[in-house]
Amino acid sequence: MIMRVNSYWFVFYKNNLLLKKEGGRYSVPLSPRALLTCNAKKIYASGCLNKTNCKTFEVKRKINTDGFEWIGLRECFLLLPEKTFWAAGKSFQFLTWARDSRYCPACGVKTKPYSYNANMCPFCKKEIYPNIASAVMVLVQKGDSLLMIRGKNFKGNHYGLVAGFLEAGESLEECAAREVMEETNLKIKNLKYFSSQPWPFPSGLMIGFFSDYAGGKLKADPGEVAEAAFFTVSSMPKLPSKISLARKMTDAWIKEQKKRF
Ligand SMILES: [Zn+2]
(Lines give C-alpha, C1' and ligand atoms only; values in the text may rest on other atoms or scores of the structure.)
Protein backbone atom coordinates (compact mmCIF):
# COMPACT_ATOMS: atom_id res chain seq x y z
CA MET A 1 0.00 0.00 0.00
CA ILE A 2 1.29 3.47 -0.86
CA MET A 3 1.48 5.40 2.40
CA ARG A 4 3.00 8.70 1.38
CA VAL A 5 1.50 11.39 -0.80
CA ASN A 6 4.84 12.45 -2.28
CA SER A 7 6.52 10.79 -5.23
CA TYR A 8 10.14 10.36 -6.21
CA TRP A 9 10.76 12.52 -9.28
CA PHE A 10 13.30 11.13 -11.72
CA VAL A 11 13.93 14.00 -14.12
CA PHE A 12 16.36 13.42 -16.99
CA TYR A 13 18.15 15.66 -19.43
CA LYS A 14 19.68 13.24 -21.96
CA ASN A 15 21.44 10.72 -19.67
CA ASN A 16 21.77 13.13 -16.73
CA LEU A 17 19.56 12.83 -13.66
CA LEU A 18 18.46 15.84 -11.62
CA LEU A 19 19.53 15.40 -7.99
CA LYS A 20 18.88 17.53 -4.96
CA LYS A 21 22.04 18.55 -3.10
CA GLU A 22 21.85 19.36 0.59
CA GLY A 23 24.91 19.64 2.82
CA GLY A 24 27.05 17.62 0.41
CA ARG A 25 24.47 14.80 0.17
CA TYR A 26 22.57 13.93 -2.99
CA SER A 27 19.01 12.64 -3.21
CA VAL A 28 16.17 12.23 -5.68
CA PRO A 29 13.63 15.07 -5.23
CA LEU A 30 10.44 14.00 -3.47
CA SER A 31 8.03 16.86 -4.00
CA PRO A 32 6.38 17.78 -7.31
CA ARG A 33 7.65 21.33 -7.27
CA ALA A 34 6.52 23.54 -10.12
CA LEU A 35 10.10 24.13 -11.20
CA LEU A 36 10.50 20.42 -11.79
CA THR A 37 7.33 19.83 -13.75
CA CYS A 38 6.99 23.06 -15.75
CA ASN A 39 9.10 21.69 -18.60
CA ALA A 40 7.59 18.22 -18.64
CA LYS A 41 5.89 17.27 -21.89
CA LYS A 42 4.61 14.02 -20.52
CA ILE A 43 5.00 12.48 -17.07
CA TYR A 44 5.17 8.69 -16.68
CA ALA A 45 4.66 6.46 -13.66
CA SER A 46 7.78 4.29 -13.34
CA GLY A 47 7.19 1.94 -10.44
CA CYS A 48 7.65 2.19 -6.72
CA LEU A 49 10.57 2.75 -4.35
CA ASN A 50 10.44 2.51 -0.54
CA LYS A 51 6.61 2.34 -0.71
CA THR A 52 6.59 5.61 -2.66
CA ASN A 53 5.49 6.06 -6.27
CA CYS A 54 8.12 6.97 -8.84
CA LYS A 55 7.47 9.43 -11.64
CA THR A 56 9.71 10.29 -14.52
CA PHE A 57 10.01 12.66 -17.45
CA GLU A 58 12.67 14.19 -19.62
CA VAL A 59 13.39 17.82 -20.39
CA LYS A 60 14.70 19.14 -23.68
CA ARG A 61 16.87 21.76 -22.01
CA LYS A 62 18.59 21.87 -18.64
CA ILE A 63 16.78 23.59 -15.79
CA ASN A 64 19.48 25.14 -13.62
CA THR A 65 18.35 25.95 -10.14
CA ASP A 66 19.92 26.37 -6.71
CA GLY A 67 20.19 23.21 -4.67
CA PHE A 68 19.96 20.88 -7.68
CA GLU A 69 22.61 19.32 -9.90
CA TRP A 70 22.57 17.28 -13.10
CA ILE A 71 24.61 14.11 -12.67
CA GLY A 72 25.37 11.44 -15.28
CA LEU A 73 23.31 8.33 -14.53
CA ARG A 74 26.39 6.11 -14.20
CA GLU A 75 28.00 8.44 -11.64
CA CYS A 76 24.75 8.42 -9.62
CA PHE A 77 25.69 4.89 -8.53
CA LEU A 78 28.33 6.41 -6.25
CA LEU A 79 25.99 9.08 -4.84
CA LEU A 80 22.66 7.33 -4.22
CA PRO A 81 21.59 4.27 -2.20
CA GLU A 82 21.79 1.24 -4.50
CA LYS A 83 18.00 0.67 -4.56
CA THR A 84 17.45 4.30 -5.54
CA PHE A 85 20.04 4.03 -8.29
CA TRP A 86 18.28 1.01 -9.83
CA ALA A 87 14.94 2.86 -9.62
CA ALA A 88 16.60 5.70 -11.56
CA GLY A 89 17.83 3.12 -14.07
CA LYS A 90 14.31 1.76 -14.45
CA SER A 91 12.96 5.27 -15.09
CA PHE A 92 15.67 5.87 -17.66
CA GLN A 93 14.85 2.62 -19.47
CA PHE A 94 11.19 3.59 -19.39
CA LEU A 95 11.91 6.97 -20.98
CA THR A 96 14.09 5.29 -23.61
CA TRP A 97 11.15 3.06 -24.53
CA ALA A 98 8.70 6.02 -24.54
CA ARG A 99 10.96 7.94 -26.92
CA ASP A 100 11.69 4.97 -29.19
CA SER A 101 8.09 3.78 -29.49
CA ARG A 102 6.42 7.00 -30.66
CA TYR A 103 6.24 5.68 -34.22
CA CYS A 104 5.51 2.18 -35.46
CA PRO A 105 8.79 0.54 -36.60
CA ALA A 106 6.84 -1.49 -39.21
CA CYS A 107 4.83 1.23 -40.96
CA GLY A 108 5.92 4.57 -39.49
CA VAL A 109 2.48 5.59 -38.19
CA LYS A 110 2.28 7.51 -34.88
CA THR A 111 1.51 5.05 -32.06
CA LYS A 112 -1.09 5.33 -29.29
CA PRO A 113 -0.83 4.26 -25.63
CA TYR A 114 -1.94 0.65 -25.22
CA SER A 115 -0.96 -0.18 -21.64
CA TYR A 116 1.36 1.40 -19.08
CA ASN A 117 4.38 -0.14 -20.83
CA ALA A 118 3.20 -0.64 -24.38
CA ASN A 119 2.21 1.53 -27.32
CA MET A 120 0.19 0.29 -30.26
CA CYS A 121 0.16 1.19 -33.93
CA PRO A 122 -3.44 2.15 -34.86
CA PHE A 123 -2.82 1.02 -38.45
CA CYS A 124 -1.14 -2.42 -38.25
CA LYS A 125 -1.94 -3.10 -34.54
CA LYS A 126 1.69 -3.85 -33.71
CA GLU A 127 2.33 -3.63 -29.95
CA ILE A 128 5.62 -2.01 -28.99
CA TYR A 129 7.00 -3.02 -25.59
CA PRO A 130 10.35 -1.91 -24.12
CA ASN A 131 13.16 -3.27 -26.25
CA ILE A 132 15.52 -4.85 -23.71
CA ALA A 133 18.83 -6.05 -25.12
CA SER A 134 19.84 -9.27 -23.33
CA ALA A 135 23.51 -9.99 -22.77
CA VAL A 136 25.14 -13.03 -21.21
CA MET A 137 28.15 -12.79 -18.87
CA VAL A 138 30.28 -15.85 -18.15
CA LEU A 139 32.76 -16.53 -15.36
CA VAL A 140 35.03 -19.44 -16.38
CA GLN A 141 36.74 -21.34 -13.54
CA LYS A 142 39.80 -23.54 -14.04
CA GLY A 143 41.18 -25.16 -10.88
CA ASP A 144 41.89 -22.32 -8.45
CA SER A 145 41.86 -19.64 -11.16
CA LEU A 146 39.30 -17.69 -13.17
CA LEU A 147 39.33 -16.27 -16.67
CA MET A 148 39.33 -12.49 -16.98
CA ILE A 149 39.59 -10.35 -20.06
CA ARG A 150 40.24 -6.75 -20.94
CA GLY A 151 37.97 -5.73 -23.79
CA LYS A 152 39.30 -3.34 -26.42
CA ASN A 153 36.37 -1.03 -25.67
CA PHE A 154 36.96 -0.93 -21.87
CA LYS A 155 37.51 2.53 -20.44
CA GLY A 156 40.38 2.24 -17.97
CA ASN A 157 42.76 -0.64 -17.32
CA HIS A 158 40.49 -2.98 -15.36
CA TYR A 159 39.65 -6.53 -16.37
CA GLY A 160 36.16 -8.01 -16.69
CA LEU A 161 34.40 -11.21 -17.66
CA VAL A 162 33.47 -12.59 -21.06
CA ALA A 163 30.14 -11.10 -22.15
CA GLY A 164 28.10 -10.56 -25.26
CA PHE A 165 24.65 -9.95 -26.65
CA LEU A 166 22.14 -12.70 -27.19
CA GLU A 167 21.46 -13.31 -30.88
CA ALA A 168 18.03 -14.00 -32.40
CA GLY A 169 17.04 -17.64 -32.07
CA GLU A 170 19.77 -18.43 -29.55
CA SER A 171 19.38 -19.90 -26.03
CA LEU A 172 21.29 -18.35 -23.12
CA GLU A 173 23.38 -21.54 -22.91
CA GLU A 174 24.31 -21.34 -26.61
CA CYS A 175 25.13 -17.66 -26.26
CA ALA A 176 27.44 -18.31 -23.28
CA ALA A 177 29.33 -21.07 -25.12
CA ARG A 178 29.60 -19.00 -28.31
CA GLU A 179 30.86 -15.86 -26.58
CA VAL A 180 33.54 -17.74 -24.60
CA MET A 181 34.66 -19.53 -27.77
CA GLU A 182 34.67 -16.34 -29.88
CA GLU A 183 36.50 -14.20 -27.34
CA THR A 184 38.96 -16.74 -25.87
CA ASN A 185 38.89 -19.93 -27.99
CA LEU A 186 37.88 -22.00 -24.94
CA LYS A 187 35.15 -24.60 -24.39
CA ILE A 188 33.07 -24.52 -21.21
CA LYS A 189 30.86 -26.95 -19.25
CA ASN A 190 28.68 -27.02 -16.10
CA LEU A 191 26.98 -23.70 -16.84
CA LYS A 192 25.24 -22.50 -13.67
CA TYR A 193 23.00 -19.45 -13.34
CA PHE A 194 24.31 -16.79 -10.93
CA SER A 195 22.02 -13.75 -11.17
CA SER A 196 20.87 -11.01 -13.50
CA GLN A 197 21.00 -7.25 -13.43
CA PRO A 198 19.31 -4.51 -15.44
CA TRP A 199 21.81 -2.45 -17.39
CA PRO A 200 20.20 0.93 -18.12
CA PHE A 201 22.82 2.20 -20.59
CA PRO A 202 20.43 2.60 -22.36
CA SER A 203 18.22 -0.49 -21.95
CA GLY A 204 19.63 -3.93 -21.30
CA LEU A 205 19.68 -6.95 -19.04
CA MET A 206 22.88 -8.78 -18.04
CA ILE A 207 22.47 -12.47 -17.22
CA GLY A 208 25.40 -13.98 -15.33
CA PHE A 209 26.59 -17.62 -15.32
CA PHE A 210 29.41 -19.52 -13.66
CA SER A 211 31.04 -22.27 -15.72
CA ASP A 212 34.03 -24.61 -15.75
CA TYR A 213 36.82 -24.77 -18.31
CA ALA A 214 36.31 -27.78 -20.58
CA GLY A 215 39.15 -27.53 -23.11
CA GLY A 216 40.99 -25.44 -25.68
CA LYS A 217 44.08 -23.24 -25.77
CA LEU A 218 43.53 -19.67 -24.57
CA LYS A 219 43.68 -17.25 -27.49
CA ALA A 220 42.17 -13.76 -27.25
CA ASP A 221 40.03 -12.59 -30.16
CA PRO A 222 42.18 -9.79 -31.65
CA GLY A 223 39.08 -7.91 -32.81
CA GLU A 224 37.44 -7.54 -29.40
CA VAL A 225 39.83 -8.57 -26.62
CA ALA A 226 43.05 -6.74 -25.70
CA GLU A 227 44.12 -9.33 -23.09
CA ALA A 228 42.79 -12.58 -21.64
CA ALA A 229 44.32 -14.63 -18.83
CA PHE A 230 43.58 -16.88 -15.84
CA PHE A 231 44.09 -15.31 -12.42
CA THR A 232 44.22 -16.77 -8.91
CA VAL A 233 42.95 -14.96 -5.80
CA SER A 234 46.50 -13.86 -4.96
CA SER A 235 47.16 -12.43 -8.43
CA MET A 236 43.94 -10.59 -9.29
CA PRO A 237 44.15 -7.70 -11.76
CA LYS A 238 42.30 -4.40 -11.34
CA LEU A 239 38.61 -5.28 -10.93
CA PRO A 240 35.65 -3.56 -12.60
CA SER A 241 33.41 -1.02 -10.82
CA LYS A 242 31.05 -2.25 -8.09
CA ILE A 243 28.10 -1.21 -10.26
CA SER A 244 28.77 -4.11 -12.63
CA LEU A 245 27.54 -7.68 -12.52
CA ALA A 246 31.10 -8.69 -13.48
CA ARG A 247 32.30 -7.32 -10.14
CA LYS A 248 29.54 -9.03 -8.16
CA MET A 249 30.39 -12.35 -9.83
CA THR A 250 34.13 -11.92 -9.33
CA ASP A 251 33.63 -10.96 -5.66
CA ALA A 252 31.42 -14.04 -5.13
CA TRP A 253 34.07 -16.26 -6.72
CA ILE A 254 36.85 -14.74 -4.56
CA LYS A 255 34.74 -15.29 -1.43
CA GLU A 256 34.22 -18.96 -2.35
CA GLN A 257 37.93 -19.45 -3.04
CA LYS A 258 38.89 -17.95 0.31
CA LYS A 259 36.55 -20.43 2.02
CA ARG A 260 38.13 -23.36 0.19
CA PHE A 261 41.83 -22.59 0.65
ZN1 LIG B 1 2.25 -0.14 -37.82
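Atoms within a ligand are numbered from 1 in the order they appear, just like the ligands themselves. Computed from a predicted structure; not experimentally measured.
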Exercise for review: Report the residues that fulfil side chain to side chain contact (heavy atoms under 4.5 Å, CB included) with Ala45, sequence neighbours left out, ordered by chain and then residue number.
Suggested key: none

Review point. Between Glu227, Lys238, Met236, which is the residue that forms a side-chain contact (heavy atoms from CB on, under 4.5 Å) with Tyr159?
Key: Glu227

Exercise for review: Test Ser235 against Thr232 for side-chain hydrogen bond (donor to acceptor under 3.5 Å, both in side chains), laying out the working first.
Suggested key: CA-CA 5 Å; Ser235 68; Thr232 60; 3.1 Å; yes

Return all side-chain donor-acceptor pairs below 3.5 angstrom for residues 210-217, not counting sequence neighbours, or 'none' if the list is empty.
from: Ser211; atom 1: OG; to: Leu139; atom 2: O; distance (Å): 3.2
from: Asp212; atom 1: OD1; to: Gln141; atom 2: NE2; distance (Å): 3.2
from: Asp212; atom 1: OD2; to: Asn190; atom 2: ND2; distance (Å): 2.8
from: Tyr213; atom 1: OH; to: Gly216; atom 2: N; distance (Å): 3.3
from: Tyr213; atom 1: OH; to: Gly216; atom 2: O; distance (Å): 2.7

**Study point:** Non-neighbouring partners of Glu22 that pass salt bridge (Lys or Arg N to Asp or Glu O under 4.0 Å), sequence neighbours left out
**Key:** none

Practice item. Test Leu146 against every option in Leu161, Val140, Ile254 by the side-chain contact (heavy atoms from CB on, under 4.5 Å) rule and name the one that passes. Key: Leu161

Practice item. With 2.8 Å as the limit, jot down which protein N, O or S atoms are around the Zn ion (ligand 1). Key: Cys104 SG, Cys107 SG, Cys121 SG, Cys124 SG

